[in-house]
J.: 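Structure provided below as structure tokens; questions to follow.
Every chain is numbered from 1, with letters handed out A, B, ... down the list of sequences.
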Amino acid sequence: MTNHIVAGLNESQRRAVEAIDGPVLALAGPGSGKTRVLTHRIANLVGNHDVVPERILAVTFTNKAAREMRTRMRDLLGAGVADRIDIGTFHSLAARWLRRDGTKIGLPNSWLIYDDDDQQRLIRRITKELKLPEKPFTPRNVLAVISNAKNELIDVATYTASARSPEVRMYALCYARYEELLQIAGAVDFDDLLLRTIDLFRTDALAFYHSRYRYILVDEYQDTNRAQYEMVKALAKGAGNIFVVGDDDQSIYGWRGADVRNIRRFDADFPGAQVIILAENYRSSQMILDVAQALIDASPRRVFRKELTAQTSGGDAVTWREYSDQNDEAQRVCDAIEHIVVSGSGRFSDCAIMYRTNAQSRAFEEALARRRIPYVLVGGMRFYERREIKDMLAWLRLMADPHDDVSLMRALEFPSSGVGAASQDHVNSWVAANHCSWYTGLTQCMNDPQAIPMLKGAPRQRLVQFTTRLQRLLNQTNLVSLLDVFDAILIETLFSAALNEEYGETDGESRMENVTELRRVAGEYLLLPMNEQLPRFLEEIALVSDVDRLNTSDNHVVCITMHQAKGLEYDNVFLVGLEDDLLPHIRTHQDPSQVEEERRILYVGITRARKRLALSRANRRLNRGQYVNTISSRFLKDIPSKLLSNTAMGSRVGARTMATPNPTYQGWGTAAAFQANKAVTPPPPIVLEVGDVVRHQRFGEGVVLAAKVVDDDLEVVVKFADEAAGEKRLIASFARLERIVPNH
DNA sequence: CGAAGCTAACTTTTT
DNA sequence: GTTAGCTTCG
């Protein structure tokens, strides 16, 4: 039956949609309509083959991809049907299954997810406890060792048994203790979500999942790690209808355990697999694809070769420019963006600046802010990683699980409970010796003054006070919603006042606004049954990423790493910092396979562009306070120079000098005509004179000592009342100064 | 015990 | 140019 579901698909897409039985591998080049294939395949199963929606499982790598798929499914099938399909990331699905069946493999009834920060705190505690030297045993290193072991499905016993060198034996000790502490806290880390699910699939519970999921679809299969691969294999053993989409040329997560071999050996793992290649590109111009193709064809070992073809030939030339330094690069990119907007060929939101490392974003942020171009920065400090947010979450988590040690120690520090390092050490050695949680230890200590002999007098009193406060919260019976719990904590801890105390009034208030924003998010969970509200809220927060929060409808330039940009697309893409040492990153130079991964990162970046692509580098770059000369990325050699133009995008604007401002574009005023979003609208230009009294978000009040116009903006020197802040040179619009007393 | 001030190290990418 | 962790002082 041919109908609207397959209408409009090309030959390969259609085959991928209609091959519903058995194993199928779809090799989907960038922009080849991968999501379309996934959604239409599901629509085909439900609409044309009467598959019950509940029998379908779709796995993605990001929440964003999951949400997008859900939205498209609703358009195709209607919400009533679409919402019955299980769609999610590996991690969120695993969490869902473990909530349901975790007790079968020994998980407690309720458990928490430890994020990266929690893990590091735990590790720091362990390395201190074991008195390990700082040198190789940084939290980051130790965590990487443990995570790699977990990714390879190596448990503590196996790891310990295979430890030869003294150093590895130390890591083994950390691993063992780490696992014990997680267990005591009733917590699982990201890797555990997958590992424990594999454990679950080794029990007879697997039969349930086999009967439940008859059709399995996996997106971005090239990014699966060992654990995810095992999960897929276990599930696919049921009905055998396993459909995976991926592209080995876009495999860029090897560093966190993803194994390209999973996709390359798919037909060996699943005998009789159909392999379908999707190479027709519906996104980019042929000019852009030629560059991408040249780059990837230069890769020495490729297994599946694809020849990307565009819908139309030609397009704007891809540009390559070398700038003097990172600020120059940022300025010229801004020129080009302004040109695009002013000439009417695009909006700010059609432009994206992509770089290899987050550290590169600073120069662009400053240049964009200075010109009042609205932008968003993806990555860097995430909302849920802010101090005040983590502090609030620590208390919320304690409400769900008082044995969560990491949160308890955090709650102990904010609001300050007056419990110092010495007392903490006493408690810590006691709970370590008794293999119990802090909460258990503190409760004992409260009931029996002699329980922890080292603790007495005032320090013990303070701990008792803290425990009393915590128990008062835990025992409140009149809390009937998540918001009640939230507010009870705010009241009991005097959270807002504590923020002002800790950060000063101005900063404290703005941090409280973030907490209020968190409260607003919590408010979205009120429709769930009371006992599910808090756990679900916490789980979602642990698994949400920055890209997930990216709002594509707002009119702003996007600054993003090439990694995070995977799955996104823009009319105009600026790939910056194409320098050896940055791309390929210096830490990959000695390993050819890692350098090849860097090549694929660039490939991913290039193929994000629809219409225009600008490549650039800075001849010298400020590294940590020092300028370093750079050389072009070695990957440039693989792109024939005839494919590159050295006329920059928007070069007319680029030619302007600081002395003669572009008459057609006058900062934000003109840009506002292009319907910028309110949320990102920079403040109107502020005019300051010497002698004005101003307020800064962080530094507080100060007086303007000097002011001069630099590059269309005002640069001021402000002497702040706060001794610590002293005198600062600031860009007026970037610093968001507020004039409180004009100088008349 | 906590605040302030100093040093060192550091920056790859993140579910 | 930042941040985290350590030392020192009050």
Side-chain angles (χ1 to χ4, degrees), chain A residues 59-66 88-95 113-117 119-121 124 127-128 134-135 138-141 143-144 147 150-151 188-194 220 223-225 227-228 251-258 326 354-363 366 378-382 384-385 387 412-413 416-424 457-459 462 501-502 539-548 560-567 577 581-589 594 597-598 600-602 604-605 621-626 723-724:
Chain A
V59 191
T60 63
F61 257 80
T62 62
N63 294 298
K64 185 177 187 302
T89 63
F90 274 104
H91 291 86
S92 66
L93 288 163
I113 300 169
Y114 269 14
D115 69 13
D116 192 64
D117 184 58
Q119 291 174 291
Q120 297 219 21
R121 279 166 170 262
R124 200 163 290 136
T127 50
K128 251 186 214 152
E134 292 272 321
K135 307 295 171 16
T138 62
R140 194 148 217 44
N141 281 342
L143 200 52
S147 182
K150 287 191 174 189
N151 277 331
V188 298
D189 63 23
F190 284 135
D191 301 317
D192 286 337
L193 285 173
L194 308 178
E220 308 277 18
D223 287 334
T224 48
N225 64 21
Q228 289 159 334
S251 152
I252 58 173
Y253 285 106
W255 53 271
R256 67 169 203 220
Q326 77 285 341
M354 301 182 187
Y355 34 78
R356 176 65 176 81
T357 68
N358 275 316
Q360 288 167 258
S361 68
R362 165 161 263 104
E366 279 173 14
V378 182
M381 177 58 96
R382 297 193 221 169
Y384 294 119
E385 284 170 7
R387 276 271 282 289
L412 216 44
E413 277 161 33
S416 173
S417 60
V419 178
S423 313
Q424 291 193 24
R462 282 193 277 266
E501 168 100 351
E502 177 97 8
E539 176 174 315
E540 201 118 323
I541 279 171
L543 295 175
V544 80
S545 80
D546 234 36
V547 190
D548 298 330
I560 192 170
T561 64
M562 294 182 208
H563 275 94
Q564 292 186 101
K566 187 154 82 147
D581 291 3
L582 226 39
L583 185 69
H585 195 271
I586 189 158
R587 301 209 359 193
T588 65
H589 282 0
Q594 283 190 55
E597 179 156 310
E598 300 285 302
R600 297 193 293 267
I601 293 167
L602 180 55
V604 166
R621 178 173 295 279
L622 192 61
N623 228 332
R624 28 190 187 219
Q626 289 222 319
E723 293 288 325

J.: Rounded to the nearest angstrom, tell me the gap between atom CD in A:Glu540 and atom C1' in B:dT15.
T.: 14 Å
J.: I need the minimum non-hydrogen distance between A:Gln120 and A:Pro139, along with the two atoms involved.
T.: OE1-CB, 3.6 Å
J.: Quick one: A:Gln119 CD to B:dT15 P, roughly how many Å, whole number?
T.: 13 Å
J.: Just the rounded figure in Å: distance from P of B:dA4 to CD of A:Glu502.
T.: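 So the CD-P distance, A:Glu502 to B:dA4, works out to 10 Å.
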J.: Show each protein N/O and nucleotides 1-3 of chain B N/O combination with a separation under 3.5 Å, one pair to a line.
T.:
from  : atom 1 : to       : atom 2 : distance (Å)
B:dC1 : OP1    : A:Gly420 : N      : 3.4
B:dC1 : OP1    : A:Ser423 : OG     : 3.1
B:dG2 : OP1    : A:Gly418 : N      : 3.4

J.: Please determine whether a side-chain nitrogen of the Lys or Arg among A:Asp223 and A:Lys566 lies less than 4.0 Å from a carboxylate oxygen of the Asp or Glu.
T.: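 Yes, charged N to carboxylate O under 4.0 Å.
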J.: For nucleotides 7-11 of chain B, which of its nitrogen or oxygen atoms have a protein nitrogen or oxygen under 3.5 Å away, and what is each distance?
T.:
none

J.: Mind checking if A:Phe61 touches a base, just sugar-phosphate, or nothing, with heavy atoms under 4.0 Å?
T.: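 Sugar-phosphate contact only - A:Phe61 comes under 4.0 Å of backbone atoms but never of a base.
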J.: Any N/O pairs under 3.5 Å between the protein and nucleotides 3-5 of chain C? List them or say none.
T.:
from  : atom 1 : to       : atom 2 : distance (Å)
C:dG5 : OP1    : A:Arg124 : NE     : 2.9
C:dG5 : OP1    : A:Arg124 : NH1    : 2.5
C:dG5 : OP1    : A:Arg124 : NH2    : 2.9

J.: Decide, applying a 5.5 Å centre-distance limit and a 30° plane-angle limit (both strict), whether A:Trp255 stacks on B:dT13.
T.: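 By the stated criterion, A:Trp255 and B:dT13 stack.
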J.: Indicate the ring-plane relationship of A:Phe190 and A:His91, choosing parallel, tilted or perpendicular according to the 30° and 60° boundaries.
T.: perpendicular
J.: Write down the distance separating the C1' atoms in C:dG5 and B:dT12, rounded off to the nearest Å.
T.: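 Taking atom C1' in both C:dG5 and B:dT12, they lie 23 Å apart.
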J.: May I ask you to verify if any side-chain N or O of A:Gln564 is less than 4.0 angstrom from the OP1 or OP2 atom of B:dT13?
T.: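 No.
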